[in-house]
Amino acid sequence: MRHKLLASAIFSLSLPLCAQTTAPSVAVDIAPLHSLVSQVMEGVGKPDLLIPTEASPHQYSLRPSQAKALADAQVVFWMGDSLIPWMEKAMDNLAGSAQKIEMLGLDETISYSFREGATFASHDEHEGHEHHDDHEGHEHHDDHEGHEHHDDHKGHEHHDDHEGHDHHGQDPHAWLDPQNAIIWINKIKETLVKQDPANAALYKRNAAQATAKINTLMQSTQQSIDALGEIRFIVFHDAYQYFEKRFGISAAGAISLSDAAAPSPARIKEIRDTVKRLGVSCVFAEPQFNDKLVKSVFEGTNVATIAVIDPLGAHIATGSGHYQALIVNMLGSLTECK
């Protein structure tokens with residue numbers, strides 16, 4: 001009897017310890033960010049993905065299973081209102097008590113404003129925005145102390161976008177700069193360590209390994225892009241400046257102001273004139289959108305290659321390997337232009 005009571009006491013004492021090792025419920029909006037969270041949570045748990053890769057995050061209705069995942073979440077990692085304008089209301093309705101981490105709202109995030117005009121002529125570099133190259137080659141500290149705020153874009157003059165569409169402000173495609181991925185991995189790690197201290201050592205180890213992999217990927221990607229030489233290309237919409245500025249390339253223009261806006265006749269004319277003037281021979285379509293528009297815009301021009309470039313990785317398996325594969329695919333798309 002004494003042994004049974006002792007065993008019962010030991011079992012009851014062990015219950016809180018078991019609860020501590022249960023991974024927190026985590027929901028993530030888009031696949032590239034979901035991949036980074038998955039890498040940090042490897043061996044502990046799996047986050048839920050809310051928006052499938054084949055869908056546009058700007059306009060999407062959550063399926064019942066995705067709504068449930070959001071409602072059950074203790075932590076939500078999401079990009080921000082400029083990419084997913086409907087997400088904040090969904091979180092208020094379904095995940096009011098969850099901890100919400102907005103990646104585009106972090107002071108450390110490298111951020112740029114949208115470029116203006118079909119060929120980015122008026123604001124190609126958006127003067128006053130630093131590239132923050134000082135991140136590279138430095139140890140990434142947990143607290144990020146000493147980092148200056150990376151432009152919240154407040155107080156910038158608003159410019160006409162030429163198409164009646166409100167498209168000034170922060171460009172939300174910040175995941176296409178792998179340096180942001182490293183910054184976010186650190187924030188993901190810090191958040192999960194506080195939520196789940198029992199697994200702190202594993203989160204830290206996973207974050208260090210993920211950071212090392214992305215640093216290696218950046219180096220190899222830069223070497224490959226440098227070897228390509230000059231590349232002249234047009235994109236479907238202006239979603240790639242983070243990748244361009246990180247690796248020292250530049251699109252000649254964008255067909256559409258955003259992935260939700262049809263180009264005006266004036267914009268199409270400007271793009272076609274640029275193709276002729278610069279001798280652009282390559283244009284990128286996107287798998288989320290019909291390429292008939294792309295083909296019609298460049299009919300009768302010297303464009304010989306219509307390739308596919310994908311900022312979200314529509315045909316890449318979701319999970320921990322998604323982010324690195326996305327960057328590799330971006331490089332592969334550029335290689336098709338040569």
### Message
Other residues, nucleotides and ligands only: do more than 12 of their heavy atoms fall within 6.0 Å of NZ on K100?
### Response
yes

By side chain to side chain donor-acceptor pair (under 3.5 Å), E230 pairs with (sequence neighbours left out) R232

Quiz item: Are F284 and F236 an aromatic pair by the rule of ring centers under 6.0 Å?
Solution: no

**Message:** Show, in sequence, the C-alpha distance, side-chain angles and deciding distance for K68 and D72, and conclude whether the salt bridge (charged side-chain N to carboxylate O under 4.0 Å, His left out) test is met.
**Reply:** CA-CA 6 Å; K68 183 180 185 304; D72 291 343; 2.6 Å; yes

Sorted by chain and residue number, the side-chain contact (heavy atoms from CB on, under 4.5 Å) partners of P52 (sequence neighbours excluded) come out as E54, A55, Y60, R63, Q66

In this structure, CD of Q74 is separated from OG1 of T22 (nearest 0.5 Å) by 9.5 Å

Let me check something: any side-chain donor-acceptor pairs from residues 315-322 under 3.5 Å, sequence neighbours excluded? List them with distances.
unit_1: H322; atom_1: ND1; unit_2: A317; atom_2: O; d: 3.3
unit_1: H322; atom_1: NE2; unit_2: L312; atom_2: O; d: 3.0

With sequence neighbours left out, the residues meeting salt bridge (Lys or Arg N to Asp or Glu O under 4.0 Å) with E42 are none

The side-chain contact (heavy atoms from CB on, under 4.5 Å) partners of Q99 (sequence neighbours excluded) come to V75, I101, T191, Q195

Sorted by chain and number, sequence neighbours left out, side chain to side chain donor-acceptor pair (under 3.5 Å) with D310 holds for Q288

- Using a strict cut-off of less than 4.0 Å between a Lys/Arg side-chain nitrogen and an Asp/Glu carboxylate oxygen, indicate whether R115 and E244 qualify as a salt bridge. yes

Distance-only side-chain donor-acceptor flag, Y242 / D171, under 3.5 Å:
no

Query raised in the report: Under 3.5 Å, is there a donor-acceptor pair linking the side chains of N180 and D177?
Result: no

